[in-house]
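Shown next, in structure tokens, is the structure this report addresses.
Keep in mind the model is a prediction, meaning the values are calculated, not measured.
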Amino acid sequence: MAALPILFLDVDGPLLPFGDGVAGTPGLARLDPAHGPWLTALPCELIWATTWMDEANTHIAPLLGLPALPVATWPDDPHTEDADARQGLHWKTRGLVALAGTRPFAWVDDEISEKDRAWVAHHHHRALLHKVDPRDGLTDAGYLELDAWLRAN
């Protein structure tokens with residue numbers, strides 16, 4: 001049996017929408033518990049891709065009824081980070097493609113750019129970069145799009 005596709009999931013913006021406020025304020029009060037059943041139903045391996053790192057397992061996962069999830073980590077390489085920034089790439093882009101290897105993956109984030117899309121399309125065979133509006137977060141329509149894509153891959 002083939003491995004499931006990966007879903008790399010950011011927290012601030014997708015799960016904790018900013019509304020009219022600022023990132024981090026008022027924090028976990030913005031977390032909609034409906035994300036838990038949606039995420040659990042997706043046919044994928046969920047991996048946190050967030051600056052929350054393992055704190056997402058401590059503070060977010062229990063509120064959503066999720067088990068502890070793997071956490072994407074990136075090597076500290078200032079040369080690569082500087083080069084990526086000069087190219088207009090998000091600092092996560094190159095690392096997520098490397099972590100996915102040959103597996104199909106979806107990436108949910110509020111900071112995905114057209115440069116990220118072009119770079120991923122050139123360096124990976126099957127990926128969906130799903131940008132969310134950080135004021136609204138990940139919506140039902142977004143979950144339906146992710147579910148359809150994941151099931152097709």
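The line from CG of D110 to CZ of R135 is 11.0 Å long, rounded to the nearest 0.5 Å. For the atom pair T73 OG1 and L99 CG, the distance stands at 6.5 Å (nearest 0.5 Å). The CG atom of D116 lies 8.5 Å from the CG atom of D109; values are rounded to the nearest 0.5 Å. Between L96 atom CG and I47 atom CD1 the span is 9.0 Å, to the nearest 0.5 Å. How far CG of L31 is from CG of L63: 6.0 Å, rounded to the nearest 0.5 Å. Taken from CG in D147 to CG in L7, the straight-line distance is 11.0 Å, to the nearest 0.5 Å.
Among all heavy-atom pairs drawn from L9 and L15, the shortest one is CD2-CD1, 3.8 Å. For P67 against A61, the heavy-atom pair with the smallest separation is O-CB, 3.8 Å. Nearest heavy atom pair, residue R126 against residue N153, reads CD-OD1, 3.2 Å. Minimum heavy-atom separation, L16 to L28: CD2-CA, 4.2 Å. Nearest approach of F8 to A49, heavy atoms of both residues: CB-CB, 3.8 Å. Closest approach of W149 and P104 over heavy atoms only: CH2-CB, 4.0 Å.
When atom types are taken as modelled, the side chain of R30 and the backbone of P17 share a donor-acceptor pair closer than 3.5 angstrom. In this structure a side-chain-to-backbone donor-acceptor pair under 3.5 Å is present from T139 to G142. Formation of a donor-acceptor pair under 3.5 Å by the H123 side chain with backbone atoms of W119 is found in this model. Side chain of K131 to backbone of S113: no donor-acceptor contact under 3.5 angstrom is found. Between the side chain of H124 and the backbone N or O of A98, no donor-acceptor pair lies under 3.5 Å. Of the possible donor and acceptor atoms, one in the side chain of T40 sits under 3.5 Å from a partner among the backbone N and O of G36.
Within a 6.0 Å radius of NE2 in H125, more than 12 heavy atoms belonging to other residues, nucleotides or ligands are found.
Aromatic pair W107/H90: centroids less than 6.0 angstrom apart.
Scored by the side-chain hydrogen bond (donor to acceptor under 3.5 Å, both in side chains) test, N57 finds W48, D54 as partners (sequence neighbours excluded). Annotation: side-chain hydrogen bond (donor to acceptor under 3.5 Å, both in side chains) contacts of T51 (sequence neighbours excluded): none.
Residue pairs satisfying the side-chain hydrogen bond (donor to acceptor under 3.5 Å, both in side chains) criterion with at least one member in residues 59-70, sequence neighbours excluded, are listed as follows: E55-H59.
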*side chain to side chain contact (heavy atoms under 4.5 Å, CB included) between V97 and F105: does it pass, once the steps are laid out?*
CA-CA 8 Å; V97 169; F105 75 92; 3.9 Å; yes
*Mind running side chain to side chain contact (heavy atoms under 4.5 Å, CB included) on Y143 and L39 for me, showing each step along the way?*
CA-CA 8 Å; Y143 279 113; L39 291 167; 3.7 Å; yes
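Of the charged side-chain nitrogens involved, at least one lies within less than 4.0 Å of a carboxylate oxygen, so that K92 and D10 count as a salt-bridged pair. One finds a salt bridge joining E45 and R103 here, because a Lys/Arg side-chain nitrogen approaches an Asp/Glu carboxylate oxygen to under 4.0 Å.
Proximity of L146 to W38: side-chain heavy atoms (C-beta onward) are nowhere separated by under 4.5 Å.
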